[in-house]
Each structure stands twice: as C-alpha cells, then as structure tokens.
Amino acid sequence: MIEPRTLKGFRDLLPAQALAREKILDIARRIYRSYGFAPIDTPALEYLEILTGKGSAETDKQLYSFTDHGDRRVGMRFDLTVPFARFAAQHIATLGTPFKRYHMATVWRGENTQRGRYREFMQCDFDTIGTTSPVADLETVLVVHDLLVAIGIKRFTIRVNDRRILGGVLRSAGLAERSTDVLRSLDKLGKQSLDAVVDEMAGHGVPADVARRLVAMAALAGPPAEVLAAVEPLVGDDAVGREGIAAVRTLLDGVAQAGVAEGRVVVDPSIARGLDYYTGIVLESFLDELPTLGSICSGGRYDDLAGLYTKQRLPGVGASLGIDRLLAGLEELGRLATAETPAEVFLVHFDAAHLGDYLRIAAALRADGMTVEFFPEARRLGQQLKLAAKKGFRVALVIGTDEFARGTAQLKNLATEATTTIAWEGDLAALVDAVHSHLEAIRSDH
RNA sequence: GUGGCUGUAGCUCAGUUGGUUAGAGCACUAGAUUGUGAUUCUAGGGGUCGCGGGUUCGAGUCCCGUCAGCCACCCCA
C-alpha cells in the first residue's frame with residue numbers, strides 16, 4: 001500500500017478551506033474588475049531563461065526547474081510578475097497602453113516553509129503598465145484598500161513609502177553604494193531592536209551616528225504629514241528624493257479625496273521591499289491583529305517591467321494579494337467561515353414515494369437561484385437534520401407524508417433551530433417564494 | 001539551504017526512573033426512539049505510538065537517521 005501524503009509545503013484544501021479561498025477569489029475578481037482590470041492567464045511552465053534572468057540569486061535558488069521530455073530547460077513560475085513581463089513584451093503591441101490586467105494563479109517556490117508560507121500558493125496580482133501617471137499609483141492603493149475592506153477585514157494598515165526617498169536619504173548620507181545592505185538592515189526594524197539594526201549597519205561600514213539617524217527615520221510613525229516632514233531634512237537637496245516625497249504627498253491627498261478612512265494608509269519609511277525592480281512608491285499591508293504574519297498584499301511602482309524581453313519601455317505599478325497567507329491569518333483569528341457546503345437549502349429526503357415531488361421542488365428552488373442539496377437517501381429525519389446542521393446549510397426543508405397531505409412544509413433555520421410552517425397547498429411558486437423570503441431574512445441577519 | 005523545538009485514535013491530550021494485550025474526553029457508527037438536530041444509556045469501529053534503524057531480556061519512553069509541522073536566520077505572499 002502506498003502511504004497517501006503530500007509534499008512539504010504543498011497542501012490539500014478541504015471543502016471549508018477551498019470554499020473560503022474561492023470566496024476571497026470572487027471578491028478580488030469583483031474589486032479588480034470594478035477598476036477596469038482585465039483577466040489574463042499565462043502558463044505555469046516557462047522556458048528557464050525567462051524566469052532566471054529577472055529575479056535575484058535568491059529567487060533563482062527557489063525556482064523549481066527541470067528538463068522536459070523535449071530536452072528543454074523549463075521552470076515553474078515563482079511569481080506572476082515575471083511571466084507578466086514576458087507576456088507584455090510579447091503582446092503589448094496588440095494590447096496598447098495603458099494596459100490593466102489581473103491574474104490570479106498558483107506559483108511555486110522551493111523555500112523553507114513557515115506559518116503562512118508554503119511552497120505552492122496563490123497570488124492575485126493586478127498591474128497597470130504603460131503609464132507613469134500618479135493616478136495609477138493612487139488606484140493601486142485604492143484597490144488594495146477596497147479589497148481588504150470587501151473581504152471583511154476590520155483592522156488593517158497599508159504602509160506606503162517611496163524607493164526614491166530611501167535613495168535620496170542614502171545619497172545625502174553618502175551611502176549610495178551601500179544601499180542594498182542598508183535597506184536590508186532597515187527592513188528588519190519590525191523584528192529587531194533599534195540597537196541591533198544599528199550594529200548590523202555598523203558592520204556594513206556605516207558610521208554609528210548616521211546609522212542611528214537612519215534607524216530613527218525608519219522607525220518614524222504617526223500622521224503621514226508629520227512623518228514626511230521629519231524625513232524631508234534627511235533627503236536634503238537630493239532632487240530624486242524630493243520627487244519621492246512629493247509623490248507620496250500626492251498619493252496621500254488622493255487617498256483622502258477618494259474617501260479612505262484616516263489611519264488606513266500610513267507612511268512607513270522602513271518599507272523597502274526586497275525585489276530590486278521597484279523604483280517608485282512601494283506598499284505593504286498588514287493585519288493589525290497579526291503583524292508578525294507579514295505582508296498580505298504588497299507592491300509598488302517599477303520603471304520598466306519588461307526590459308529583459310523588449311526594447312519598449314513599460315513603466316507600471318501594481319500589487320499582489322497573497323491569498324494563502326491571508327487565509328492562514330484569518331483562520332488563526334477564527335474569522336473563517338466554517339461551512340462545508342456551498343448550498344444553503346437542505347431538502348430532506350423523507351418519503352421515497354414522493355421522489356418525483358422532491359425533484360420538482362428542488363428544481364423549482366434552483367430555478368429561482370437558490371442553492372439546494374437533495375439528500376440521496378431516505379434516512380432517519382434526525383440523522384439528516386444533524387448532518388445538514390454540521391455541514392453548514394442555512395435551512396432544512398422538511399416535507400413528509402403528512403405535509404404533502406396537508407399542503408404544508410416545515411422550514412428549519414439550522415442555526416437557531418427555529419421551525420416555521422409554510423402553507424403552499426401544492427402551489428410550487430408559493431413554496432419557492434416562502435423559502436426565498438425566509439432565506440433573505442436569514443442572510444440579512446448575518 | 002542552516003539552526004532550535006515538536007510528532008501517541010478524525011480532534012484535544014494522558015501515559016510514572018524503559019516493564020504484561022496503549023488509555024480518556026470529544027467526534028463517528030448502530031440500537032433504545034416505525035417523523036425532528038438535544039440529553040441519557042448500551043454496544044461498536046478505529047492506533048505499524050510519524051517512518052526506518054540502533055541500544056536493551058524488554059522501547060510510546062533512551063540514541064541515530066529520515067519525513068512532516070512550528071520558530072529563528074535568509075527571503076518573501
């Protein structure tokens with residue numbers, strides 16, 4: 001016998017989890033579309049050279065790659081951005097710019113696992129390419145905001161920064177060549193103490209007083225305008241750095257004008273993002289109740305998406321929702337729906353002699369748009385009800401021999417155990433209406 | 001990839017300094033109850049103690065390896 005098992009970092013999803021994931025995918029799809037992003041898809045497998053050029057040495061190491069049956073070196077995509085770059089280089093001529101797309105798909109990374117970190121997981125990307133307009137930056141933040149709100153997350157924070165600000169600060173401090181190391185150290189601020197980070201920078205050859213100032217800047221918190229004002233002197237006369245500050249100001253103004261609640265979007269000078277292709281605004285978002293989970297939705301602006309694959313310059317901005325990490329977080333917080341069924345109505349199979357009636361009733365309920373499961377066997381009533389409650393149906397519809405004789409039906413709210421009697425006198429439409437309105441009432445209670 | 005912690009029934013766990021056929025609660029199945037999700041009672045199914053090897057008269061318990069999970073580094077969703 002072969003032991004049934006799954007690979008490290010790869011998981012099965014049971015109905016409750018798959019239902020939760022699909023629900024969020026539906027929401028993401030709806031929000032992305034509401035801003036005009038169009039869906040695309042790309043292959044899971046690409047020529048290895050497409051994938052290896054772009055990422056750092058780190059992502060190359062994490063890449064799943066092999067030789068296929070035709071002796072081609074191929075790799076599985078580790079994010080959706082690189083395939084999109086290839087896609088854009090190949091198709092931008094027919095698509096035209098600006099081009100807005102979303103892409104929700106599985107990616108693979110052969111790295112070590114941890115809470116909310118898997119080797120196979122889904123990303124929900126959206127990007128706008130072919131424009132440098134600040135409006136596109138603004139929309140990116142608004143989409144992330146709308147998305148998290150629509151998912152039903154009450155407490156979250158979107159942290160924004162601009163790569164140009166960091167660059168300007170480093171240039172003004174004479175640390176331009178050390179920037180990668182310094183940014184990497186700064187990025188650890190959430191997890192390590194200020195002193196530890198200062199020490200680490202000293203190890204990279206940064207004078208202690210400069211390191212201290214950088215760390216103090218990165219640790220700034222409070223109203224965005226104040227944070228920006230505090231950062232400004234550190235940028236000094238660096239023109240690019242000042243552009244970054246102006247860009248963040250513009251962004252925050254837009255966010256406010258769009259009606260986003262205060263405090264939802266903050267400036268965090270320590271946000272750098274690991275991927276080196278970001279050149280403008282960068283953003284990360286966190287669950288306030290679970291900050292250690294890491295960013296659940298991040299992105300930023302890049303100068304040139306597809307420089308490796310085409311001469312046409314394609315600047316853009318976008319972000320990615322890490323749906324599996326988010327689900328891990330919501331599960332830990334006990335916010336995940338527990339229903340194991342997508343159907344709302346459980347039709348009890350009571351009297352096998354009335355099979356035809358049950359089928360007719362189920363069909364009528366479905367034709368009205370309701371989701372209905374008809375139990376396949378005429379098992380004990382108690383057993384059927386218990387099963388229906390456990391699986392998370394909203395209501396159970398009980399029509400037995402007596403009910404058929406009297407032209408009635410029992411509708412049970414499985415959460416409250418309340419029973420209502422419906423008089424339908426053999427009039428299917430009346431039964432459908434009654435069930436429909438009860439369901440509406442139950443849904444609005446939620 | 002490196003280091004640390006953990007691994008007993010579907011779930012939560014107990015299991016004395018190594019000592020007979022490995023337990024509990026919940027869950028599950030059947031019945032008491034030929035039409036109502038609960039309660040109670042009765043009976044029942046389920047475990048190669050993650051897996052493999054070693055030490056020992058004897059290993060769930062000690063040692064090594066391995067797989068998986070969690071945590072840290074690294075990186076990120």
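Note: hydrogens, waters and symmetry copies are ignored here, and every other heavy atom, side chains too, is used.
- The base-pairing partner of B:U56, taking Watson-Crick or G-U wobble contacts with both distances under 3.5 Å, does not exist among the strands shown.
- No donor-acceptor contact under 3.5 angstrom links the side chains of A:Asp125 and A:His103, judged on distance only.
- Comparing B:C75, B:G35, B:A77 by their nearest atom to the side chain of A:Phe350 picks out B:G35.
- The ring of A:His354 has its center no closer than 6.0 angstrom to the ring center of A:Phe350.
- In this structure, of B:C71, B:G37, B:G35, it is B:G37 that holds the atom nearest to the side chain of A:Leu385.
- The distance from atom CD of A:Glu284 to atom P of B:C75 is 13 Å, rounded to the nearest whole Å.
- No engagement by A:Asp324 is indicated, since no non-hydrogen atom pair under 4.0 Å with the nucleic acid exists.
- For the C1' atoms, the distance from B:U56 to B:C64 is 16 Å, rounded to whole Å.
- Side-chain N/O atoms of A:Gln123 include none lying less than 4.0 angstrom from OP1 or OP2 on B:C76.
- Distance A:Arg119 CZ to B:C76 C1': 14 Å, rounded to the nearest Å.
- At a threshold of 4.0 angstrom between heavy atoms, the contacts of A:Gly329 with the nucleic acid are absent.
- When the side-chain nitrogen and oxygen atoms of A:Lys8 are compared with OP1 and OP2 of B:C67, none of them lie within a distance under 4.0 Å.
- The base-pairing partner of B:G7, taking Watson-Crick or G-U wobble contacts with both distances under 3.5 Å, is B:C67.
- Dashed line: the shortest gap from a side-chain N or O of A:Lys386 to OP1 or OP2 of B:C28 is under 4.0 Å.
- Only the C1' atoms considered, B:U2 is 9 Å distant from B:C74, to the nearest whole Å.
- We find that CG of A:Asp351 is positioned 15 Å from P of B:U36, with the value rounded to whole Å.
- Rounded to whole Å, the separation between the C1' atoms of B:C26 and B:G65 comes to 36 Å.
- Looking at the side chain of A:Arg117, the nearest of the listed nucleotides B:C74, B:C76, B:U2 is B:C74.
- Each of A:Ser320 and A:Lys390 was matched to the nucleotide of RNA chain B holding its nearest heavy atom; the match closer to the 5' end belongs to A:Lys390.
- Under the 6.0 Å distance and 45° angle rule, A:Arg264 counts as a cation-pi partner of A:Phe156.
- Between A:Asp127 and A:Arg101, at least one side-chain nitrogen of the basic residue sits less than 4.0 Å from a carboxylate oxygen of the acidic one, meeting the salt-bridge criterion.
- Remark: the separation of the C1' atoms in B:G52 and B:C67 is 10 Å, to the nearest Å.
- For A:Phe66, the CZ atom sits in a packed shell: over 12 heavy atoms of surrounding residues, nucleotides or ligands are nearer than 6.0 Å.
- Between A:Arg29 and A:Asp26 a salt bridge is recorded (basic side-chain N to carboxylate O distance below 4.0 Å).
- Between B:G69 and A:Gln114, no contact under 4.0 Å exists linking OP1 or OP2 to a side-chain N or O.
- If you check distances only, the side chain of A:Glu403 does reach the base of B:G35 with a donor-acceptor pair under 3.5 Å.
- Positionally, the nearest nucleotide of RNA chain B for A:Asn112 lies more toward the 5' end than for the other of A:Ala418 and A:Asn112.
- When the nucleotides B:C70, B:U2, B:C67 are ranked by their closest atom to the side chain of A:Arg5, B:C67 comes out on top.
- Aromatic ring pairs are classed by plane angle as parallel below 30°, tilted from 30° to 60° and perpendicular above 60°; the pair A:Tyr64 and A:Phe10 is perpendicular.
- Annotation: B:A59 and B:C51 have their P atoms spaced 15 Å apart (nearest Å).
- With hydrogens and angles left out, the side chain of A:Glu111 and the base of B:A77 share a donor-acceptor pair within 3.5 Å.
- When rounded to the nearest whole Å, the span between CD1 of A:Ile271 and P of B:C76 equals 12 Å.
- Close placement of the A:Tyr32 and A:Tyr102 rings is indicated, their centers lying within 6.0 Å of each other.
- As a whole-Å value, the separation of A:Phe126 CZ from B:A77 P is 13 Å.
- For B:C76, its base sits under 3.5 Å from the side chain of A:Arg325 at one donor and acceptor pair at least.
- In this structure, A:Ser298 reaches the sugar-phosphate backbone alone: every heavy-atom distance under 4.0 Å involves primed, P, OP1 or OP2 atoms, never a base.
- Among the heavy atoms of the strands lying under 4.0 Å from A:Gly382 are primed sugar atoms or P, OP1, OP2 only; no base atom is included.
- Taking the C1' atoms as reference points, B:G50 lies 15 Å from B:C70, given to the whole Å.
- Which of B:C71, B:G35, B:C75 sits closest to the side chain of A:Arg115 comes down to B:C71.
- Counting any heavy atom pair closer than 4.0 Å across all strands shown, A:Glu120 reaches no nucleic acid atom.
- Between B:C5 and B:G44, the distance separating the two P atoms is 43 Å to the nearest Å.
- Straight-line distance from the CG atom of A:Leu330 to the P atom of B:A77: 18 Å, rounded to whole Å.
- Among the heavy atoms of the strands lying under 4.0 Å from A:Asn413 is at least one base atom, whether or not backbone atoms are also near.
- The cationic atom of A:Arg11 (NZ for Lys, CZ for Arg) lies less than 6.0 Å from the six-membered ring centre of A:Tyr118 and within 45° of the ring axis.
- Pairing for B:C73 is with B:G1, a Watson-Crick or G-U wobble pair whose two hydrogen-bonding atom distances lie under 3.5 Å.
- What separates CD of A:Gln384 from P of B:G35 is a distance of 12 Å, to the nearest Å.
- B:A27 and B:U21: their P atoms are spaced 32 Å apart (whole Å).
- Counting any heavy atom pair closer than 4.0 Å across all strands shown, A:Leu414 reaches a base atom.
- Classification of A:Arg443 and A:Glu344 as a salt-bridged pair holds, one side-chain N sitting under 4.0 Å from a carboxylate O.
- Across all strands shown, A:Thr419 has no heavy atoms under 4.0 Å from either base or sugar-phosphate atoms.
- Contacts of A:Ile296 with the nucleic acid, taken as non-hydrogen atoms under 4.0 Å apart, involve only primed sugar atoms and P, OP1 or OP2.
- Between A:Arg117 and A:Glu111 there is a salt bridge, since at least one side-chain N of the basic residue sits less than 4.0 Å from a carboxylate O of the acidic one.
- Electrostatic pairing of A:Arg86 and A:Glu46 counts as a salt bridge here, judged by a charged N lying under 4.0 Å from a carboxylate O.
- Contacts between residues 10-20 of chain A and RNA chain B, counted as heavy-atom distances below 4.0 Å, involve no residue at all.
- Regarding A:Gln383, its CD atom lies at a distance of 13 Å from the C1' atom of B:U33, rounded to whole Å.
- Dashed line: the shortest gap from a side-chain N or O of A:Arg380 to OP1 or OP2 of B:G31 is under 4.0 Å.
- Set against B:C71, B:A77, B:G69, the side chain of A:Thr113 has B:G69 as its closest nucleotide.
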